[in-house]
Amino acid sequence: MTRLFPGQLEVVLHDLRTGKIVGIEGNLSNRAVGDESLVETESLEADVDDADIIGPYAQTNWNGEVLRSFTAVVRDEDRRPSGLICVNMRTAAFAAAADLLAAFSAVGQKPRSKALFAQDWREAANALIAETLSERGMTLVTARRTDKVALVAALDRAGILEMRGSPDYAAKALGMSRASIYNLLKDARREGASAGDNETAEVA
């Protein structure tokens with residue numbers, strides 16, 4: 001196990017019958033084989049869950065660093081605790097990684113530059129596709145023809161399909177051919193015209 005996280009993980013094996021440490025891999029705690037385990041076996045059962053695990057829990061190492069740990073209880077044939085396998089992991093690297101990710105997160109992020117994105121119809125197309133799929137509770141994989149018509153209709157209403165190169169971009173973004181985009185656009189405009197006629201008739 002310690003080979004998976006070299007320098008970050010320690011595994012300690014305790015023999016409860018002798019009260020000694022009988023094995024250590026990836027030593028972080030400055031202990032040695034033969035040291036006293038210093039485990040209070042009488043109250044051990046109160047901390048063990050149904051899987052014979054204690055933890056995870058935090059503890060402070062000899063140098064002040066915080067370790068994240070859990071302990072597995074080893075039992076003999078009579079189900080009495082005979083040993084412990086303790087796994088201790090350094091948390092500093094993970095905390096640093098979390099801080100780094102937080103620095104790149106949206107929290108505290110400045111508004112994006114209008115100058116950079118004001119004319120970026122591709123960005124607008126991406127946002128509109130995502131928004132339309134979300135509203136319809138669909139993904140590109142599960143989208144039916146009616147959903148695809150709605151996607152193309154949304155791009156058409158926004159004027160995106162009038163941009164140079166936009167049909168090719170839309171075809172790539174939606175995972176279809178350019179001919180399919182035009183066929184869907186024809187259906188979208190036909191449905192839009194029919195809806196307009198119906199509204200006019202209702203008003204009249």
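Everything numeric in this text was worked out from a predicted model, so none of it was measured. The chain is numbered in sequence order, starting from 1.
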Stepwise side chain to side chain contact (heavy atoms under 4.5 Å, CB included) check, N183 with M176: CA-CA 11 Å; N183 287 334; M176 60 183 69; over 6 Å; no
Answer whether the closest heavy-atom distance between the side chains of L13 and V33 falls below 4.5 Å. no
For a quick test of your reading: what N or O donor-acceptor pairs under 3.5 Å do the side chains of residues 128-137 make, sequence neighbours left out?
from, atom 1, to, atom 2, distance (Å)
T132, OG1, L128, O, 2.8
R136, NE, D147, OD1, 2.7
R136, NH2, D147, OD1, 3.1

Same cluster for V11 and L28 if Ile/Leu/Val/Met/Phe/Trp/Tyr side chains link at under 4.5 Å? no
Sequence-distant partners of D187, side chain to side chain donor-acceptor pair (under 3.5 Å), two or more places apart: R145, R190
Is there a chain of hydrophobic side chains (I, L, V, M, F, W, Y, each step under 4.5 Å between heavy atoms) that links M163 to Y169? yes
Quick one: are S82 and D15 in side-chain contact, heavy atoms under 4.5 Å? no
Test of understanding: with salt bridge (charged side-chain N to carboxylate O under 4.0 Å, His left out), list the residues that count as partners of D156, not counting sequence neighbours. R189
Run R122 and I160 through side chain to side chain contact (heavy atoms under 4.5 Å, CB included) and show every step you take. CA-CA 8 Å; R122 295 176 183 82; I160 291 175; over 6 Å; no
Residue pairs passing the ring pair (Phe, Tyr, Trp, His ring centres under 6.0 Å) test with at least one member in residues 16-54, sequence neighbours excluded, are none
Quick one: name the residues clustered hydrophobically with V141, using the 4.5 Å side-chain heavy-atom rule over I, L, V, M, F, W, Y, and just say none if it's on its own. none
Considering residues at least two apart in sequence or located in another chain, which fulfil the salt bridge (charged side-chain N to carboxylate O under 4.0 Å, His left out) criterion with R31? E10
Going by side chain to side chain donor-acceptor pair (under 3.5 Å), name the residues that satisfy it together with Q8, two or more places apart in sequence or in a different chain. none
Which atom pairs, one a donor and one an acceptor, fall under 3.5 Å between side chains of residues 66-73 and the rest of the protein, sequence neighbours left out?
from, atom 1, to, atom 2, distance (Å)
S69, OG, Q59, NE2, 2.8
S69, OG, N88, OD1, 2.7
T71, OG1, Y57, OH, 2.7

Determine whether more than 12 heavy atoms belonging to other residues, nucleotides or ligands lie under 6.0 Å from atom CG of D78. yes
Would you say D49's side chain and A51's backbone share a donor-acceptor pair under 3.5 angstrom? yes
Is any side-chain heavy atom of I181 closer than 4.5 Å to one of L155? no
Could you see if L174 belongs to whatever hydrophobic cluster contains M138? Use Ile, Leu, Val, Met, Phe, Trp, Tyr and a side-chain cutoff under 4.5 Å. yes
Please list, chain by chain and in numerical order, all residues satisfying salt bridge (charged side-chain N to carboxylate O under 4.0 Å, His left out) with E65, sequence neighbours excluded. R90
Treating D35 as the side-chain partner and A32 as the backbone partner, does any N or O pair qualify as donor plus acceptor under 3.5 Å? yes
Mind checking whether L84 and V12 sit in one hydrophobic cluster, side chains of I, L, V, M, F, W, Y counted as touching below 4.5 Å? no
Pairs in or reaching into residues 129-165: which pass ring pair (Phe, Tyr, Trp, His ring centres under 6.0 Å), with residues at least two apart or in two chains? none
Hey, could you give me the CG/CG distance between N27 and L9, rounded to the nearest 0.5 Å? 12.0 Å
Membership question, hydrophobic clusters at under 4.5 Å side-chain separation (ILVMFWY): are L185 and V149 in the same one? yes
Suppose we screen for salt bridge (charged side-chain N to carboxylate O under 4.0 Å, His left out). Which residues come up paired with K20, at least two apart in sequence or across chains? E36
In short, E162 meets S166 closest at the heavy-atom pair N-OG, 4.0 Å
Only counting residues at least two apart or in another chain, list the ones meeting side-chain contact (heavy atoms from CB on, under 4.5 Å) with S37. H14, I21, V39
